[in-house]
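Some notes on the structure that comes next.
Being a predicted model, the structure only gives us computed values, none of them experimental. Residue numbers begin at 1 in each chain, while the letters A, B, ... track the order of the sequences.
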Amino acid sequence: MSKEKIVLLDGNSLAYRAFFALPLLTNDSGIHTNAIYGFTMMLQNILNEEKPTHMLVAWDAGKTTFRHSTFGEYKGGRQKTPPELSEQFPYMRKLLNAFQITQYELDQYEADDIIGTLSKAGDAKGIEVVVISGDKDLTQLASEHTTVCITRKGITDLEMYTPEHIMEKYGITPPQIIDMKGLMGDASDNIPGVPGVGEKTALKLLKEYGSVEKVYESLDLISGKKLKENLTNNEEQAYMSKKLATIEVEAPITITIDDLQYNGPDDENVKTLYEELKFKTLLEKMSTSDEEDVQIEDINVRIEMDTEILNLSDAMAFHVEMYDENYLASDVSGVSMTDGESIIYIPIEQVKKSAKLKEWFVDESKKKYTSDSKAAYASMLRCGIEVNGFEFDLLLATYIANPSSSYTDVASVAKEFGYSDIESDEAVYGKGAKKKLPEEGILADHAGRKAQAVWKLKSIMEKKLRDNEQFELYRELEMPLAKILGKMESTGVKTDLSILQQIGIELTARLSELESIIFEMAGQSFNINSPKQLGEILFEKIGLTPIKKTKTGYSTAADVLEKLESEHEIIGFILTYRQLGKLNSTYIEGLSKEIHEDGKIHTRFQQALTQTGRLSSINPNLQNIPIRLEEGRKIRSAFVPSEVGWIMYAADYSQIELRVLAHMSQDEKMISAFREDEDIHTKTAMDVFGVDKESVSSDMRRTAKAVNFGIVYGISDYGLSQSLNITRKEAQKFIDTYLATFPGVKQYMEDIVSDAKMKGYVVTMMNRRRYLPEITSSNFNLRSFAERTAMNTPIQGTAADIIKKAMIDMDARLKAEKMEARMLLQVHDELIFEAPEHEIAKLNKIVPEVMESALNLDVPLKVESAFGLSWYETK
DNA sequence: TGAATCACG
DNA sequence: ACGTACGTGATTCAC
């Protein structure tokens, strides 16, 4: 225990010091950052130099302190804190939060007193204490165990005051510093002292007599007429000055030394804050010097041709190296593997031939570490190898720790942890037209380094996730899901090209008709797809009134055109043209190109992308196939079962986000509405408009529905006014009435925002995190956006957690029931399956059951389902 | 490459 | 007063 070391910092003093030592820097969000930057530099320096086990930053509380009752003008005449500095204080506090350093302030007391009290407490226990400030007053605290460091020039240069140093420099003891202040005063604190007595005289007197009291006892002995006169006339003032300069060592603080334990920073939080503040050098420093336990070393990757003599360990990291990022289509080059000792690379031809490898990969008990296990699973499956026993996934671990970390390849993550010896995929393969397959030796080395990085990063990432209480989310939800998604992607959805083509023919015909009508009305031909040209025609040639502008010119977005529909008949045709044009280019032409040789479309689900925990779907996106308008919905008839005699089956959660909100907010009215299985929008209309069920008009229900949506999105009057086409005032009135009607929701929204401001992040029910550094921004727009996000993310994210859990349960259930039915797609609140006809009845029982019991909320989850011969018919 | 638009939940 | 609904991806145009 003798190793304990307490560092006590004077926050205000160091902030001032940093502010005046550095030029007034501004970052691109318009915030001044010089004090924050200087403060950060000081902090890091101190942490590196002192390596404290306990740490505290003390702040001055409000304007008045107990000293003001002694002397009204205490600290009088001080300049007001410059606003450029004031605005930086919240960030310094946030920074300290991110560093997980205790902060403390106490009403009526100054930072000095808090520090004094704690340093004496530490002293008494014989613990080493280091006090850091810019104020020399603090040197009075120096003692056998306490060193006081005072900033010298600049920001990182500190002068250490031990009792010995003070004796050398001034010839007095630390407590005599107080007497010195009593005699000479302190201009900066407006402490008067004795007129005519400066440092020299004060020291001379103290060396001779010892203290203010002793000086006055011995007044007669003092030589110098003027000095004696000044002392005599200002006796009371001298005592008062001494009292003012005395640091309180028995302040009524409510924290103890044990509360100051320092266990290092929360790197994620620090990183997001640096990113927000645009502290580039600190960010770089962080990623290179941060994790010193990761060694950079030369590696030797052995290219293995004879796989049967391989010695494979029970736990290995591996990486499947391939040319293209699309693992569902790309050629695989080979597989690298390491058990922490040797690193090997096996070309794909050998992998495919090797019974030994195949056996190792399929064996659940052989633990595999990789990055992007979904890609590894699906690409190996294409090589005829099933992989089981995934134990670690660097991609998912990184994403769960912070969904905003943009992962491009293993190199990008590894670099964050001090590995700079892996090249980016782009550097190895080249980009654009120059992209080509490098020779095998280079590939082997590249792939080998990735496997090695995965091997070494496992424990670091797992610790981070455990520290954040996210290990379960990562290990029990995301990792099992990765494999299930890999299966779904590999299975694919059968798509009938001839149906798409038939719809395409009709669309093309109608589009060319519309085109000639539009050209006729416009009096000229032009590119209807060009917002620029269209804007010129509508607002300049025809002379319609522009409603909204974009950065580049007139807005011609649908909501704008709809408002102009009555002004000119061309608008209707343009809207139809746009709508059909979208269907044709994105869905008919786009999807047709994506049908593989097996007659199926294989989308890829991005599992480590969205900020809320949802999946996204790319290449192509099958999560935005039209449904709202009948013409588009027909596209769904091209998605059919892949086997003869099979049926498409779909099940979706009804109002999952509002149910989640009801649960999380514990709003009684909302909970009972769902428990009684009422139509939530109608019920909302009844409560908000204060009418009975029969009196709810369709317009009232529509309004209530829009308000419900708004609530989920983190409501704003403007947003609601746009969606309902009403004024902001009217929208605000709806919101007020709504929140008065559902007080639990109001409370929840307020709590979640203030919680986010305090912690810097929000969480879902399963502990998925989203950091919101901008929630304390002084920029209104940035802050408001972050506040709405704070309200929306726990709701959207919990809904995502729930359906992910349902997918895992569903996969297990199908296996347990030995059913042939296959899960094909997930569309946020909906699961789509294909199954043999004879299984449909059973499926229709199991799926809703599993989905509804995925997570136990205080309101029931409700699932609606349907089946048919195509996706179109599952309605 | 970014902006605008529009498809979905 | 500030200017916006939350989360995505694909296509097209224009630079």
Between atom CG in A/L629 and atom P in B/dC8, what is the gap in whole Å? 6 Å

In residues 732-748 of chain A, which residues come under 4.0 Å of DNA chain C by heavy atom? none

Tell me whether A/K593 is salt-bridged to A/E589, with the criterion being a basic N under 4.0 Å from an acidic carboxylate O. no

Distance check needed: C/dA1 C1' versus A/N779 CG, whole Å only. 13 Å

Salt bridge present between A/K805 and A/D801 (N-O < 4.0 angstrom): no

Below 4.0 angstrom from OP1 or OP2 of B/dC6, is there any side-chain N or O of A/R578? yes

Non-hydrogen atoms of A/A401 and A/Y771 that approach each other most closely: O-CE1, 3.6 Å

So does A/R614 pair up with A/E657, basic N to acidic O under 4.0 Å? yes

Report the base-pairing partner of C/dC15 (Watson-Crick or G-U wobble, both distances below 3.5 angstrom), or none. none

Among C/dA5, B/dA4, C/dC6, find the nucleotide with the atom closest to the side chain of A/F785. C/dC6

Any side-chain N or O of A/R788 below 4.0 angstrom from OP1/OP2 of C/dC6? yes

Would A/Y748 and A/L661 count as a side chain to side chain contact (heavy atoms under 4.5 Å, CB included) if you check the C-alpha gap in whole Å, the side-chain angles of each, and the deciding distance to 0.1 Å? CA-CA 9 Å; A/Y748 167 77; A/L661 173 61; 3.9 Å; yes

Please name the nucleotide paired to C/dC2 by Watson-Crick or G-U wobble geometry with both distances under 3.5 Å, or report none. none

Using the C1' atom as the reference point in each nucleotide, state the distance between B/dC6 and C/dA1 in Å, no decimals. 32 Å

Go through the steps for A/I518 and A/F526 under the test side chain to side chain contact (heavy atoms under 4.5 Å, CB included), then give the verdict. CA-CA 9 Å; A/I518 291 166; A/F526 63 100; 4.0 Å; yes

Atom CD1 of A/I503 and atom P of B/dA7: how far apart are they, to the nearest Å? 15 Å

Protein-proximity profile, nucleotides 8-15 of chain C, B/S/- by nucleotide at the 4.0 Å heavy-atom cutoff, equals SBBSSSSS

Do A/E834 and A/K494 sit within salt-bridge range, that is, some charged N less than 4.0 Å from a carboxylate O? no

Looking at A/E631 and A/K582, is any side-chain nitrogen of the basic one under 4.0 Å from a carboxylate oxygen of the acidic one? no

Separation of the C1' atoms in C/dC2 and B/dA7, to the nearest angstrom: 32 Å

Quick check on C/dC6: is either OP1 or OP2 less than 4.0 Å from any side-chain nitrogen or oxygen of A/T789? no

Is A/R628 near enough to B/dA7 that one of its side-chain N or O atoms lies under 4.0 angstrom from OP1 or OP2? no

Expected output is a numbered-order residue list: members of residues 554-564 of chain A with a heavy atom under 4.0 Å from any atom of DNA chain B. What is it? A/S555, A/T556, A/A557, A/A558

Which heavy-atom pair separates A/T703 from A/L724 by the least distance, and what is that distance? CG2-CD1, 3.7 Å

For A/F709 and A/H681, take the angle between the two ring planes, folded into 0 to 90°, and tell me which bin it lands in: parallel under 30, tilted 30 to 60, perpendicular over 60. parallel

Do A/Q796 and C/dC6 share a donor-acceptor pair, side chain to base, under 3.5 Å? yes

Roughly how far apart, to the nearest Å, are B/dG2 and C/dA5 at atom C1'? 23 Å

Relative to the ring of A/F689, is the ring of A/F734 parallel (under 30°), tilted (30 to 60°) or perpendicular (over 60°)? perpendicular

